[in-house]
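Working notes, beginning with the structure itself.
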Amino acid sequence: MAEQTQGAVPLSAALADAATEVALALRGEGDPYALSGILRQEDALTPAAVRVLGADVLAPYAVEHRAAPFGADDEAVVRQALAAYPPGADASQVSVWTYRGLVEAAHAFLPGGAQHWPAAPDADIEWVGLDPWPKLSHRVSQLASLALPKLAPGLAEQLATRTDDLSRGFVRAVRRRDWLQAAGLGRWLARLPEVPQTLGLDSGLAFVRQMGGAEPRVALHVVAAKRFHGRGW
């Protein structure tokens, strides 16, 4: 996967910077959002960073559809990442789904050029019904960027049948202080219907924000859960 192909420290810094800017944009703070202003096409780490963050790099466009002057540059950055890191024949389901999510987000949220995007690859969905809850929770947390509105409707429909198991995963992640997994699961649970009331998702997300929100990707997931689905405080 892209995250292993570059030096860990520089890529981690690029991911943190980009996640911070996305979260600020979702909160309505900071400068007007442009992906290409944060992850520049000429930077060597940009394709890997875009591929790891996936559809979240376009999350601000799900809030406000706009033909910003940066639109064409943002499109070029996304195309570069899709060309650099397509999932291979032996790719994990997480890699296939995150690639598919980025393609879907480009179609849904970027202005113009949609007919020329790569085709979204077929992605298996049987694992949702077959995985034991700990494995399911781990995978789903890695797919948090697909919890954006309009993305992966088939996956969301299947995950809705396992909200009890995802809730167990959320509680376990909080107890283990695995804030990134907890935030990713909480974000998905925020999108799904009929989450158990006994989970206390709103207070749980607030606790994750308080304890792990200094990590930019944790903050991004919690902010997205609030911005798009009204969950958390």
Side-chain angles (χ1 to χ4, degrees), residues 15-39 46 49-82 94 97-120 123 140-157 159-160 180 183-193 195 201 205 209 213 216-232:
L15 290 171
D17 288 346
T20 297
E21 293 298 325
V22 172
L24 283 172
L26 293 181
R27 286 197 295 257
E29 303 173 11
D31 296 328
Y33 180 79
L35 169 61
S36 53
I38 302 160
L39 295 170
T46 287
V50 172
R51 186 67 170 88
V52 172
L53 288 175
D56 274 338
V57 299
L58 301 178
Y61 288 97
V63 178
E64 179 184 359
H65 292 275
R66 52 185 174 175
F70 298 99
D73 293 332
D74 284 2
E75 183 178 319
V77 169
V78 174
R79 290 185 188 280
Q80 180 187 45
L82 291 172
V94 169
W97 272 106
T98 53
Y99 186 93
R100 182 183 178 91
L102 183 56
V103 173
E104 288 186 14
H107 276 278
F109 307 135
L110 278 183
Q115 68 273 23
H116 302 302
W117 290 106
V140 171
S141 71
Q142 294 177 302
L143 298 178
S145 65
L146 276 74
L148 286 170
K150 300 183 180 180
L151 300 191
L155 179 62
E157 182 178 356
L159 290 177
L180 184 58
L185 284 169
R187 181 175 173 183
W188 258 114
L189 286 165
R191 177 178 173 180
L192 298 176
V195 173
L201 181 60
L205 281 168
R209 181 191 64 189
R217 292 171 72 187
V218 172
L220 169 55
H221 292 327
V222 175
V223 169
K226 179 63 175 177
R227 181 64 182 82
F228 293 112
H229 307 297
R231 303 305 303 263

Smallest separation among heavy atoms of [X] and [Y], with atom names:
X: Phe228; Y: Ala59; answer: CZ-O, 3.6 Å
X: Ala152; Y: Arg191; answer: O-NH2, 4.2 Å
X: Gly213; Y: Ala219; answer: O-CB, 3.5 Å
X: Ala190; Y: Ala225; answer: CB-CB, 3.9 Å
X: Ala183; Y: Val222; answer: CB-CG2, 4.2 Å
X: Ala23; Y: Val223; answer: O-CG1, 3.8 Å

Indicate yes or no: at least one non-hydrogen side-chain atom of [X] is less than 4.5 angstrom from one of [Y].
X: Leu26; Y: Leu220; value: yes
X: Glu21; Y: Asp31; value: no
X: Thr20; Y: Ile38; value: no
X: Trp188; Y: His221; value: no
X: Arg217; Y: Leu53; value: yes
X: Arg187; Y: Leu143; value: no

Mind checking the [atom1]-[atom2] spacing from [X] to [Y]? Nearest 0.5 Å is all I need.
X: Leu192; Y: Glu157; atom1: CG; atom2: CD; value: 11.5 Å
X: Arg51; Y: Tyr99; atom1: CZ; atom2: OH; value: 7.5 Å
X: Leu146; Y: Trp97; atom1: CG; atom2: CH2; value: 7.0 Å

(request) Among Thr46, Asp74, Asp73, find the residue that satisfies the side chain to side chain donor-acceptor pair (under 3.5 Å) test when tested with Ser36. (result)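 Testing Ser36 for a side chain to side chain donor-acceptor pair (under 3.5 Å) against Thr46, Asp74, Asp73 leaves exactly one candidate, Asp74.
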(request) Would you sort out whether Leu148 and Asp56 count as a side chain to side chain contact (heavy atoms under 4.5 Å, CB included), showing the intermediate values? (result) CA-CA 8 Å; Leu148 286 170; Asp56 274 338; 4.1 Å; yes
(message) Taking side chain to side chain contact (heavy atoms under 4.5 Å, CB included) as the criterion, tell me which of Thr98, Leu180, Val94 meets it with Gln142.
(response)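 The side chain to side chain contact (heavy atoms under 4.5 Å, CB included) with Gln142 is passed solely by Val94 among Thr98, Leu180, Val94.
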(message) Whether the side chain of His229 engages the backbone of Ala147 through a donor-acceptor N/O pair (distance < 3.5 Å, no angle test) should be reported.
(response)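 At least one qualifying donor-acceptor pair exists.
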(request) Would you sort out whether Val63 and Tyr33 count as a side chain to side chain contact (heavy atoms under 4.5 Å, CB included), showing the intermediate values? (result) CA-CA 11 Å; Val63 178; Tyr33 180 79; over 6 Å; no
(request) Given side chain to side chain contact (heavy atoms under 4.5 Å, CB included), test Val103 with His107 step by step and report yes or no. (result) CA-CA 6 Å; Val103 173; His107 276 278; 3.7 Å; yes
(request) Go through the steps to decide whether Leu189 and Leu205 satisfy the test side chain to side chain contact (heavy atoms under 4.5 Å, CB included), and finish with yes or no. (result) CA-CA 10 Å; Leu189 286 165; Leu205 281 168; over 6 Å; no
